Every structure is written in structure tokens, then in C-alpha cells.
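Read through the structure below, which is laid out as C-alpha cells, and then see the notes.
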Amino acid sequence: MTVNGFLQVGMYVVVLLALAKPLGGFMARVYDGKSTWLSPVLRPLERLIYRVCGVDPDEGMTWKTYAVSMLLFNFLGLLVVYGLQRLQGILPLNPQGFAAVTPDSSFNTAASFATNTNWQGYVGEATMSYATQMLGLAVQNFVSAATGMAVLVALIRGFREAGSRTVGNFWVTLTRSTLYILLPLAIGLALVQTSQGVVQNFSAYRTVPLLQATSVTTPVKNADGNPVLDEKGEPKTETTAVTEQTLPMGPASSQIAIKQLGTNGGGFFNVNSAHPYENSTPLSNFFEVLALLLIGAALCYTFGQMVGDTRQGWAVLAAMTVIFVAMLALCEWAEYRGNPRHAAAGADIVASDVHPGGNMEGKEVRFGIANSALWATATTAASNGAVNAMHDSFTPLGGLVPLFMMQLGEVVYGGVGSGLYGMLVFAIIAVFVAGLMVGRTPEYLGKKIEAYEMKMAAIVILIPPIVVLGFTALAVVTDAGLASRFNKGAHGFSEILYAFSSMGNNNGSAFAGLSANVPFYNATGGLAMLMARYWLAIPTLAIAGSLAQKKHVPAGAGTLPTHTPLFVCMLIGVVIIVGVLTFVPALALGPIVEHLMLSQ
Amino acid sequence: MNQLKPAVLSLVMLTLVTGVAYPLAVTGIAQVLFPFQANGSLIARGDAVVGSTLVGQPFDDPKYFWSRPSATGPMAYNGAVSSGSNLGPLSDDLTTAVQGRIEALRAADPGNTAPVPIDLVTASGSGLDPNISPAAARYQAGRVARIRNVPEAAVLSLVAQHTRGRQWGFFGEPVVDVLPLNLAVDELGTKQ
């Protein structure tokens with residue numbers, strides 16, 4: 001790794017952590033309903049929304065009502081995204097005249113965006129009209145993120161309240177998350193991106209001349225679409241000159257800003273933030289990758305502030321950061337090391353001040369290795385799934401990092417809201433394990449952790465591995481699952497494992513060689529995303545409801561303090577051990593065997 | 001089910017705010033503050049638009065600086081469908097492609113035995129990479145000068161003009177903008 005590479009990555013971590021306190025403190029004020037500097041502008045809009053919707057902002061909800069509200073809201077969102085895709089052919093704002101999306105792809109995409117996964121089976125610039133992108137996808141980018149934050153805030157209230165039957169009001173938390181947190185950050189980020197070259201317009205696609213004309217050879221087809229054969233029985237081909245290039249356009253920057261901030265990840269263009277119109281310069285890249293983890297990291301501070309002990313928030317943030325930095329180091333090392341086969345062929349793979357070096361297949365020169373590996377680790381630490389380089393072409397160990405980050409359950413920063421509530425469930429497991437060691441009833445933040453909470457926590461921990469490994473197993477024993485592989489052998493298995501690790505943890509990134517826009521993957525993936533989202537959110541809300549009713553027990557001599565380095569290590573250990581025990585056999589069949597083959 | 005009404009109306013209201021007002025507001029501000037960038041960073045020559053500074057074009061004529069390989073289909077640098085190769089590190093197709101690209105570069109410039117910069121023989125993530133590394137430009141400068149029969153120093157000077165260091169001296173990697181460089185090389189002309 002170059003000195004500059006270390007500096008860029010180091011600066012990223014420092015800026016991320018430095019922003020946790022100011023943004024985290026701001027979010028705590030928003031959720032507690034205190035006034036902020038944005039209130040003069042947004043408070044009237046917020047009140048208007050409550051009035052139109054008939055919501056009493058002071059009315060608390062039981063955890064069950066809160067869960068029903070969430071499910072209803074997300075289900076309606078799913079229906080709208082599905083409907084927009086099916087009807088886009090007859091709706092306005094469709095300058096390219098795209099036809100309706102197929103039913104299976106529409107279902108997959110609707111589930112994907114409602115669950116904050118943003119897995120993309122489709123090619124954005126060749127499938128989705130501007131109306132679908134704005135009214136369907138961009139809206140879900142906001143509200144699916146706000147939904148995750150609403151579940152987290154309910155859990156925090158569960159720890160904070162005592163003897164209460166309610167965990168807050170879903171509509172209020174949803175609205176405040178969207179208006180006060182996501183919207184202002186998105187406007188700022190969108191403008192910064194556009195200043196760097198990310199497009200933001202409603203024009204039709206442009207056509208420009210090529211300086212050097214090129215040509216394309218395509219098979220000749222008859223009227224039925226079947227290939228025409230020549231005298232020798234070979235498929236006939238024709239060569240046509242290409243003198244022009246299409247430049248895609250659209251309201252991209254506004255959508256990209258929220259896709260980064262809301263850990264959505266669904267790109268405006270097919271290659272996501274590798275596209276020069278989606279991520280134009282190293283500076284836009286820095287802000288986009290910062291936005292990936294920004295809210296997730298800051299919510300740790302919000303949590304500490306809201307439970308009245310900021311040390312609790314710092315401890316959780318420390319555990320996340322340790323795992324992140326360790327995995328980042330592995331990814332950077334592997335990608336800088338490059339592909340020995342390229343060196344053997346006569347290519348220079350040594351990084352220097354005039355040359356990116358390393359494994360550049362699937363990467364952009366302006367980002368180089370340091371920023372591509374940083375992004376890959378960050379996007380899978382968060383459940384974002386946006387990419388600025390093609391993970392499918394990473395070295396085996398470089399590709400193992402994003403794969404394993406997802407399999408840890410998206411709790412290292414994680415999705416906005418969902419990452420921290422997942423991590424807090426791991427913290428409950430950690431105090432339980434510690435309690436078993438010394439034979440005492442476990443407590444966390446003054447609440448006794450008992451059988452009910454442990455049952456719910458166990459469900460949260462077990463669902464993602466069951467979904468990931470179950471669907472992967474189904475795919476590798478069915479022809480429909482195997483047919484979509486692009487690479488053969490171990491790497492083909494990695495493509496399938498990656499796809500379900502991604503959808504089964506609501507990430508959305510891909511080893512993109514897999515042809516996932518087929519009925520098998522659209523259907524199984526759509527189910528995986530729905531299970532991974534709601535079968536975790538509902539038990540988490542159940543924990544919140546149960547904890548809110550309990551009294552706080554004063555800390556005694558036997559209480560395990562949960563803000564110390566010892567507990568941070570304990571928490572890291574639980575996260576890593578659960579992940580390793582569950583997934584090492586599968587990883588051994590994919591990236592690990594591939595690494596051994598490449599080293600031969 | 002008494003949550004159905006707020007669910008429907010919240011979705012309507014938040015759609016108006018985040019799906020209509022937000023993108024329109026950002027478009028309006030962006031078109032006022034950054035009209036060049038918001039509309040695709042298009043390069044104008046007189047009245048004609050000749051390309052974008054941000055979207056690469058295919059070059060494989062020896063008199064031009066070659067762009068990075070592109071995996072878009074059916075032709076390279078197809079802006080309508082961005083794509084990487086998605087070939088895994090062990091793929092034989094990838095190894096063969098890299099070998100073929102190195103052979104093509106050497107065949108176009110037989111005297112040059114330096115190792116080939118990696119970015120020149122690997123496909124970019126987008127398939128539209130507008131840049132090559134300074135090392136990749138220098139590697140090709142001798143060939144471009146020889147074929148155009150102009151001094152290598154003049155070509156190297158153009159390379160230097162079209163090289164951008166790390167942004168703010170710190171972010172990203174140094175890059176050469178290939179399309180603007182080739183436009184400039186064309187202005188240099190070809191001597192007989």
C-alpha cells in the first residue's frame with residue numbers, strides 16, 4: 001500500500017469518527033422532539049404532514065401497533081414501486097420510451113427498495129423511466145431508511161422507558177427521520193456531487209460523435225429473431241460502423257445522494273458509483289463513501305445520548321470500528337498485491353505516484369486501489385451495496401472481505417437504524433454469554449435480559465444465516481440456480497453465495513457477473529430480502545416492547561459494565577464467532593479455495 | 001387497521017416531499033450553480049459537442065493514445081449500457097484478454113519493451129473510464145510521436161498538460177484525460 005493510500009484511508013476514518021458526535025447529538029435532539037436550527041423551516045411542514053395524515057404526535061404506540069404501522073407503510077410502498085414499473089410505459093417522464101418492467105423483476109425491485117436492500121437485477125439506464133426512478137425508487141430510498149431508524153429509536157426507547165406500554169409513535173419517528181436528518185444531508189450531498197460532474201437534469205439522452213470511429217460485429221437474425229446461418233452452417237455476422245456514443249442523462253445526483261446516505265445503494269446507472277456520471281471525481285468519491293457510513297456511525301452517539309450515558313454509544317462504535325479497520329486492511333492488502341497472472345503476462349502491477357498498480361480489473365483509474373477497497377469494505381459494512389468497482393473481479397481475499405462483512409449480519413455500522421439495532425441485539429447476546437460465565441442474570445443498560453428477550457434475540461441472529469445458506473443450497477442443486485453463473489468453478493459458487501449473502505442481509509451489492517434478472521433469482525431473492533428485513537425488525541420491536549415495561553435495576557457489584565474495553569472485546573468476539581462458525585464452511589468452498597489456486 | 005389512513009397519507013405526503021419537491025429543487029439549484037456539470041460536462045468545439053470530459057471514448061488507432069479496455073456490449077464504451085467485465089481473478093478469459101492486450105500494445109510499438117502499466121490492459125469498472133494513468137500515457141507517447149512523425153517532446157508536453165494530479169493534492173490518483181488529450185494531439189497534426 002502506498003503512503004498516500006494510508007493517508008487517504010486514515011483521513012476517512014478520522015473524519016467519520018469526528019462527525020459522529022455533532023451529527024449524533026443533533027439526531028438525539030430530533031428524536032426527543034427538541035427544537036433544532038432547522039425547526040423554523042421544517043416544523044410547519046412537519047405539522048402539516050401530521051394534520052393531513054390525522055396523526056396525533058403525542059400519542060404513543062404499543063410495539064405491536066408500531067410494527068403493524070411499519071408493515072402497512074412498507075407494503076404500500078412496495079405496491080407503489082411495483083405499480084410504477086408495470087405502468088411506466090404509459091406514464092409521463094419517460095423520454096427514452098422504456099416499456100413496462102416484467103412482473104418478476106418488478107416484484108424483486110419493489111421488495112428490494114422497500115426493504116432498504118436495493119439489490120438491482122435490472123440495468124438502470126436501459127430500464128427505468130425518470131418517473132419510476134423519482135416517484136418510486138428515490139422515495140423508497142428515503143422512507144426505507146427512515147423505517148430502519150424508526151425501529152432503532154423504538155428499541156432505544158425500550159431501554160430508556162420504565163413501566164411503559166408504548167415505544168413512541170411510528171409516524172412521528174418516520175417523518176422526523178426523513179425531514180430533519182435525511183433530507184438536509186441529501187440536498188447538501190447532491191449539490192457537492194453535481195459540482196464535481198454528477199448529472200442532474202431532465203434531458204433525453206445525448207448523442208455525441210466519436211473522435212475515432214469504431215465498429216461492432218453482431219450476429220445476423222431473421223424476422224423471427226433466430227440466427228441466420230451461412231453456407232458452412234456457421235452463424236452469419238455483420239459488421240457495422242459506430243460513429244456516435246450515447247450519453248445517459250437524468251436527475252441522477254439527487255437520487256445518488258440519498259442512496260448513499262440511506263444505505264440504500266441502488267444506483268441510477270448500471271455500474272452504480274463506478275459510472276463517471278454517478279461518481280465523477282475523487283472528491284465526489286470521498287463524500288459518497290463518507291455518506292455510506294456517516295449516519296450509521298453517528299447513530300451510536302445518538303443511542304448513548306438517548307440512554308443517558310454516551311460511553312455506551314462510544315463502546316458500540318469502538319467495536320464496529322475495530323472490525324471495520326481490520327477487514328479494510330485485509331482488503332487493501334489483497335487488492336494492492338494484485339493478480340500474479342497479470343504480472344506474469346508482462347504487466348506492471350506495482351503502485352507508484354504515476355500508476356495505480358495492483359488489481360485494476362473492474363476498477364476506475366481516478367479512484368485507484370485505495371479508494372476502491374475502502375468503498376468495497378464500507379459498502380458492505382453498511383448495508384449499502386453501492387459499488388465504485390466490480391467486486392466480482394476482486395482478488396479472492398479482496399472479494400472475501402465484502403462477502404464476510406455482509407455475513408456478519410450488517411452490524412458493523414450497518415444499515416441506518418438496522419445496523420445499530422442488529423448490533424444491540426448482539427450486545428444482548430454478549431451480556432447473556434457473560435452472565436452464563438459468572439452465573440448471574442444478565443443486564444444491559446439497567447434492564448434484566450430474560451428468556452423472552454433471549455428468544456427474540458436468537459431469532460434475529462439465526463434468520464439471516466438460515467436465509468443465506470438455505471437459498472444458496474437451493475440454488476446450487478437446481479439447474480435454474482446454476483444456469484446464471486458467469487464464472488465457472490469456485491468463483492461461480494462465490495457469485496451465488498454473494499448474491500444471497502447480499503439479499504439475505506439487505507445489502508444489495510453483487511458479484512455482478514451472475515445473471516440475476518431471471519425468474520429464479522428474482523423470486524427467491526425477493527423472498528430473502530423480505531424475510532431478512534421484517535423477521536428481524538419485528539422481533540427487535542418485540543424486545544423493545546418487553547424492555548419498555550421493565551423497571552430499571554440499579555447497577556450492583558455483580559453488574560457487568562458495558563462501556564469498558566473488556567466489553568468491547570466481548571462484543572467483537574460474539575459478532576466474529578457467530579459469523580465465523582456459520583459461514584467458514586461456505587467461504588472455504590468459494591474465495592478461500594480460489595485464493596489457494598491463485599497462489600499456486 | 002386504523003393505521004391504514006396515516007399509512008396511505010404519509011406515503012403520499014412523503015412522496016410529494018422526497019419524490020417531487022426534492023429532485024426538482026436540487027435540479028433547479030444545480031442548473032443555476034453548476035450548469036456545465038449538471039448537464040454532463042460536455043466538450044464544445046465551436047457550435048458542436050464533441051464528447052464529455054467525464055465519459056471515455058474507444059481508441060485503438062496507433063496514432064491516438066489508447067483508452068482503457070472496456071467491457072460494455074456490443075461495442076466498447078457504449079454509454080447506453082455501462083458495464084464491467086465481471087471476470088473473476090482466476091478466469092482464463094481474463095488472463096487471455098490481458099495477454100492479448102499486451103501483445104497488441106507491443107505489436108503497435110515494437111521497440112518498447114517496458115512493462116505495460118496495469119490500467120492499460122485491464123477493463124474498467126464502468127466500461128466508460130475517461131482516464132488512464134500518467135504511466136500509461138508516457139508508455140504510449142513514443143508510439144504516437146513516431147507514427148505522427150512529430151517530436152516526442154511535443155507529445156510529452158501535451159501529456160503533461162492533460163495530466164491532473166491528485167485532487168487537492170491528496171484525493172484519488174493522478175490521471176490523464178484521454179479524449180481531451182487526443183483532441184489536442186489531433187491539433188498537433190501529422191507530418192509527412
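Keep in mind that the numbers below use all heavy atoms, side chains included, and drop hydrogens, waters and symmetry copies. What you are looking at is a predicted structure, and each value in this text was computed from that prediction instead of being measured. The chains referred to below are lettered A, B, ... by the order of the sequence lines, with proteins before strands, and numbering in each begins at 1.
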So which residue, [options], ends up with the most heavy-atom pairs under 4.5 Å with chain B?
options	answer
Ala138(A), Ser195(A), Ser69(A)	Ser195(A)
Gly346(A), Pro248(A), Ala274(A)	Gly346(A)
His391(A), Gln196(A), Glu495(A), Gln255(A)	Gln196(A)
Val55(A), Asn285(A), Thr395(A), Thr281(A)	Thr281(A)
Thr178(A), Leu210(A), Leu183(A), Leu598(A)	Leu210(A)
Gln193(A), Lys488(A), Gln140(A), Met390(A)	Met390(A)

Mind telling me whether Phe286(A) and Phe171(B) have parallel, tilted or perpendicular rings, with 30° and 60° as the class edges? tilted
[atom1] of [X] to [atom2] of [Y]: how many Å apart, nearest 0.5 Å?
X	Y	atom1	atom2	value
Gln37(B)	Ser284(A)	CD	OG	11.5 Å
Leu14(B)	Leu179(A)	CG	CG	6.5 Å
Gln31(B)	Thr194(A)	CD	OG1	9.0 Å
Leu16(B)	Leu135(A)	CG	CG	9.0 Å
Leu54(B)	His275(A)	CG	NE2	10.0 Å
Ser203(A)	Asn39(B)	OG	CG	5.5 Å

Under 4.5 Å from any heavy atom of chain B - which part of [X]:
X	result
Leu247(A)	side chain
Ser280(A)	both
Gln8(A)	both
Gln96(A)	neither
Asn371(A)	side chain
Val80(A)	side chain
Phe394(A)	backbone
Leu174(A)	side chain
Met61(A)	side chain
Ala186(A)	both
Thr214(A)	side chain
Tyr205(A)	neither
Val242(A)	side chain
Asp353(A)	both

Just by distance, no angles: are the side chains of Gln3(B) and Thr65(A) close enough, under 3.5 Å, to form a donor-acceptor pair? no
Check: Gln212(A)/Asp60(B) side-chain N/O donor and acceptor closer than 3.5 Å: yes
Nearest heavy-atom pair of [X] and [Y]: which atoms, and what distance?
X	Y	answer
Phe73(A)	Ser10(B)	CE1-CB, 4.0 Å
Ser133(B)	Pro356(A)	CB-CD, 3.5 Å
Ala345(A)	Val98(B)	CB-CG1, 4.3 Å
Leu72(A)	Ala7(B)	CB-CB, 4.2 Å
Phe34(B)	Leu191(A)	CE1-O, 3.6 Å

Quick check: does any side chain N or O of [X] sit under 3.5 Å from a backbone N or O of [Y], one acting as donor and the other as acceptor?
X	Y	result
Arg366(A)	Gly172(B)	no
Asn339(A)	Pro89(B)	yes
His355(A)	Ile118(B)	yes
Asn86(B)	Asn487(A)	no
Gln245(A)	Gly56(B)	yes
Glu361(A)	Ala123(B)	yes
Asn270(A)	Ser82(B)	yes

Whatever's closer than 4.5 Å to a heavy atom in chain A on Ile43(B) counts as neither
When the 4.5 angstrom heavy-atom criterion is applied to Pro130(B) and chain A, the contacting part is side chain
Considering only residues two or more places apart or on different chains, which pairs with a residue in residues 48-58 of chain B satisfy side-chain hydrogen bond (donor to acceptor under 3.5 Å, both in side chains)? Tyr277(A)-Ser52(B)
Min side-chain heavy-atom separation [X]-[Y] under 4.5 Å:
X	Y	result
Leu90(B)	Arg341(A)	yes
Phe202(A)	Leu24(B)	yes
Tyr64(B)	Leu211(A)	yes
Val49(B)	Arg206(A)	yes
Asn131(B)	Glu364(A)	no

Heavy atoms from other residues, nucleotides or ligands near CZ of Phe36(B) exceed 12 (cutoff 6.0 Å): yes
More than 12 heavy atoms of other residues, nucleotides or ligands under 6.0 Å from CE of Met597(A): is that the case? no
What are the residues of residues 161-168 of chain B, in order of number, with any heavy atom under 4.5 angstrom from a heavy atom of chain A? Arg166(B), Gln167(B), Trp168(B)
With Tyr130(A), which residues qualify under ring pair (Phe, Tyr, Trp, His ring centres under 6.0 Å), at least two apart? none
Name all residues meeting the side chain to side chain donor-acceptor pair (under 3.5 Å) criterion together with Thr27(B); count only those two or more places apart in sequence or in a different chain, and write none if there are none. Gln200(A)
Trace of the side-chain contact (heavy atoms from CB on, under 4.5 Å) decision for Val365(A) with Arg68(B): CA-CA 9 Å; Val365(A) 171; Arg68(B) 296 190 64 194; 3.4 Å; yes
